[in-house]
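Every number for a ligand or one of its atoms is a count from 1 in the order of the listing. What you see below is based on every heavy atom in this structure, not just the backbone, and it leaves out hydrogens, waters and symmetry mates. For the single chain, residues carry numbers from 1 onward in sequence order.
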Amino acid sequence: MNISIKKNKPNMQKENQAEKSNNPAKSLNFIEAIIEEDLKNKKNDGRVHTRFPPEPNGYLHIGHAKSICLNFGLAKKYNGLCNLRFDDTNPTKEEEEYVNSIIEDIRWLGFDWDNRLYYASDYFDQLYEWSLKLIRDGKAYVDDQPSEVISEQKGTPTRPGIKSPYRNRPVDENLDLFVRMKNGEFPDGLRVLRAKIDMASPNMHLRDPILYRIMHTSHHRTGDKWCIYPMYDWAHGQSDYIERITHSICTLEFEIHRPLYDWFLDQIVKEGEYRPRQYEFARLNLSFTVISKRKLLELVRDGYIDGWDDPRMPSISGLRRRGYTPESIRNFANRVGVAKRDNVIDVALLEHSVREDLNKRSNRVMAVLRPLKVTITNYPDDQVEEMDAINNPEDESQGKRKMPFSRVVYIEKNDFMEDPPKKFFRLAPGREVRLKFAYIIKCEEVVKDPSTGEVIELKCTYDPETKSGSSHSNKKVKGTLHWVSANHAIDAEVRLYDRLFVKNTPDNVEEGEDFKTYLNPDSLEVLTAKLEPSLKNARPGDMFQFERIGYFCVDTKHTTENKLVFNRTVPLRDTWAKISKSL
Ligand code: ATP
Ligand code: MG
């Protein structure tokens with residue numbers, strides 16, 4: 001694969017502006033350009049009809065999301081239709097669980113196929129009929145050779161293949177054998193049906209490709225009706241044809257299959273009649289991310305992560321559990337655009353998209369992840385004040401809430417340094433900071449654990465004149481910290497996720513290397529945090545900005561009546577920007 005890595009941080013500001021200004025001159029992607037040309041020429045009676053064709057052999061991932069946004073997005077833009085079609089031609093790998101998850105994920109992303117939910121298996125009868133036609137036309141034959149021999153005979157791109165000794169079998173014999181294959185008279189693998197095209201073609205896919213193989217396996221929809229199953233290539237274009245798809249969009253690796261796609265259609269579509277066309281675009285690759293169902297399945301199966309919906313997974317269900325919104329994923333897909341060449345997109349762009357969306361929609365709250373006790377020695381022991389806290393400075397309609405303030409509060413451990421460098425504007429001995437929405441405090445004394453020397457408490461004083469919002473004092477300090485009142489705080493488990501891989505291109509390892517070598521051993525850190533009491537009403541799926549820390553959501557899997565679990569969606573800033581440049 002020809003991979004070029006986008007090294008620089010994406011120029012988000014510029015892109016945002018382009019999106020916001022709704023610039024009509026914004027150039028079309030190459031598929032839109034094709035569609036507009038087709039519409040101009042009244043091709044396909046001016047219809048635009050696309051489809052998203054997942055194979056139900058795994059959960060959808062962010063790469064699929066791009067394809068979904070493209071296919072459904074084009075249909076929407078051009079007043080057309082987009083079908084959902086399961087490409088369920090291989091019963092050994094496919095499961096109902098995957099079908100259900102795929103339906104759920106596409107709906108969640110915000111797309112709808114009305115009543116156009118199809119399965120390639122709906123067309124097994126028709127495909128079988130067309131195979132009989134091919135045989136009668138002398139364009140297909142039953143081959144009795146084992147599959148290893150068939151693949152050996154395929155040759156190489158520069159060396160022609162060897163013709164099968166069964167290639168010139170009489171039509172009647174082919175028909176008889178194929179019907180008997182279908183009737184279950186032969187065991188798995190004994191015979192196959194092949195198209196008779198060209199064993200010397202420079203395109204290997206045209207060297208008499210297999211159309212059907214024998215598999216005595218139950219199918220999730222057709223049960224035991226069939227024991228022969230069509231190959232992907234034989235099913236795909238014909239399914240497009242049946243559904244009257246106009247633009248059959250797939251990823252680049254299928255470019256080389258296109259002549260075969262067209263050859264099959266040539267056999268069943270009359271000259272001048274409607275026919276679908278295949279277009280290829282570059283699949284999405286993301287830095288620090290593996291996007292391949294086979295590899296993701298391996299991580300799930302071998303227990304490297306907590307299932308398909310582990311928040312570190314690039315699966316749609318993982319991203320959802322992580323706190324990504326459908327809008328953020330759709331915006332990401334739009335920004336990435338539609339390329340003709342393979343490339344690797346910086347995962348920071350995905351993280352930027354969710355940050356941007358959550359900034360608008362999530363309320364701010366205070367949570368202290370690594371608590372350090374602060375006793376405010378001149379604050380009355382029995383006093384509690386209710387401080388006014390703003391819920392979302394980006395959205396005034398979200399209003400305010402009350403935050404209790406009392407003599408003992410927690411601040412973040414790393415907001416204190418005993419011996420700070422010059423530019424450290426947080427708390428240090430003798431220094432002052434503001435506790436947000438409360439008072440300015442001054443650090444008077446540092447209490448340490450006598451055995452370890454660790455700082456375990458700060459004794460501070462507060463200035464009663466500096467209450468937030470009051471006009472008594474115009475005292476200014478450089479640092480403002482978040483905090484929670486110790487007596488009022490609630491405990492929660494907080495899961496800090498980091499990238500699952502430490503390598504920029506884990507999908508692209510050397511021959512013989514295992515991609516799992518590059519798993520990030522520190523991709524999950526679990527903490528017990530102290531949260532402001534308003535969060536006791538948080539429900540699974542709720543999203544918040546923890547002030548100064550990042551975006552978090554209530555975990556939908558592990559949260560119970562008695563235990564709140566938060567997932568970190570993203571930190572407030574891209575902490576990897578510096579590191580990834582040096583990799
Ligand atoms: P994988 O390579 O992860 O196993 P796949 O291509 O086998 O994926 P399918 O279920 O066949 O998975 O894919 C359904 C559709 O999604 C296809 O049209 C495919 O081209 C598209 N698709 C899959 N991966 C990506 C990706 N990374 N970027 C864009 N589109 C993708
Ligand atoms: Mg596929």
Side-chain angles (χ1 to χ4, degrees), residues 1 3 29 31 50-75 82-90 92-95 97-103 105-106 109 111 113 118-121 231-233 235-237 239-240 243 245 247-258 261 276-301 308 313-319 329-330 332-345 347 349-350 505-508 515:
M1 202 190 321
I3 287 181
N29 68 47
I31 296 180
T50 56
R51 85 286 169 267
F52 175 66
E55 186 180 351
N57 62 352
Y59 280 58
L60 295 182
H61 51 57
I62 183 74
H64 294 119
K66 176 177 167 179
S67 175
I68 291 165
C69 292
L70 178 62
N71 279 295
F72 282 94
L74 287 169
C82 180
N83 297 355
L84 170 58
R85 181 202 313 146
F86 286 101
D87 218 322
D88 55 351
T89 50
N90 184 356
T92 58
K93 289 200 205 146
E94 295 158 4
E95 285 174 31
E97 177 197 347
Y98 298 136
V99 168
N100 295 334
S101 75
I102 289 170
I103 287 178
D105 288 350
I106 305 176
L109 276 174
F111 298 105
W113 47 91
Y118 301 117
Y119 295 82
S121 57
M231 300 299 287
Y232 167 87
D233 281 318
H236 200 85
S239 304
D240 285 341
E243 292 177 19
I245 300 304
H247 300 80
S248 177
I249 300 163
C250 59
T251 36
L252 277 181
E253 67 272 24
F254 290 102
E255 191 172 10
I256 190 87
H257 294 241
R258 183 159 20 104
Y261 182 101
R277 255 208 73 156
Q278 178 182 301
Y279 299 93
E280 307 86 16
F281 72 103
R283 66 198 292 115
L284 172 74
N285 299 301
L286 265 187
S287 62
F288 298 100
T289 312
V290 155
I291 310 188
S292 141
K293 262 189 284 187
R294 185 181 58 75
K295 289 179 188 165
L296 296 176
L297 184 62
E298 197 176 323
L299 295 177
V300 173
R301 201 193 44 218
W308 279 102
M313 288 281 271
S315 55
I316 308 287
S317 49
L319 291 167
I329 295 177
R330 293 199 305 259
F332 168 73
N334 279 338
R335 286 202 171 111
V336 165
V338 185
K340 275 188 180 172
R341 285 263 202 92
D342 274 321
N343 59 10
V344 178
I345 301 294
V347 70
L349 186 60
L350 178 64
T505 55
D507 241 341
N508 203 25
F515 75 101

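Inclusion of Ala282 in the set of residues having an N or O under 3.5 Å from an N or O of ligand 1 is not warranted. Where the criterion is an N or O separation shorter than 3.5 Å, residue side chain and backbone included, Arg51 fails it with respect to ligand 1. Taking any N or O of Glu253, backbone or side chain, none lies under 3.5 Å from an N or O belonging to ligand 1. Checked against a 3.5 angstrom limit, the closest N/O atoms of Glu55 and ligand 1 fall inside it. Note: an N/O pair closer than 3.5 Å links Thr251 and ligand 1 by distance alone. Between Lys293 and ligand 1, at least one pair of N/O atoms sits closer than 3.5 Å.
For the salt bridge (Lys or Arg N to Asp or Glu O under 4.0 Å) test, no residue two or more places apart in sequence or in another chain qualifies with Arg330.
Under 4.0 angstrom from ligand 1, there are no non-hydrogen atoms of Phe254.
Side chain to side chain, Tyr59 and Glu97 meet the donor-acceptor criterion of an N or O pair below 3.5 Å.
With Phe515 as reference, Val290 is the one residue of Asn508, Thr505, Val290 to meet the side-chain contact (heavy atoms from CB on, under 4.5 Å) rule.
Within ligand 1, the atoms closer than 4.0 Å to a non-hydrogen atom of Ser292 are 3 (O), numbered from 1 in the order shown. Residue Ser67 approaches ligand 1 through these ligand atoms, each under 4.0 Å from one of its heavy atoms: 16 (O), 21 (C), 30 (N). For ligand 1 and Pro53, the ligand atoms under 4.0 Å from any heavy atom of the residue are 14 (C), 18 (O).
Of the listed residues (His64, His236, Arg85, Glu280), the one carrying the non-hydrogen atom nearest atom 22 (N) of ligand 1 is His64.
Side-chain N or O atoms of His64 include one that pairs as donor or acceptor with a backbone N or O of His61 at under 3.5 Å. One N or O on the side chain of Arg51 and one on the backbone of Ile249 form a donor-acceptor pair closer than 3.5 Å. A side-chain donor-acceptor contact under 3.5 Å links Ser287 to the backbone of Val347.
The aromatic rings of His257 and Tyr232 lie perpendicular to each other, with more than 60° between the two planes, well past the 30° mark.
Within a 6.0 Å sphere centred on NZ of Lys93, heavy atoms belonging to other residues, nucleotides or ligands number 12 at most.
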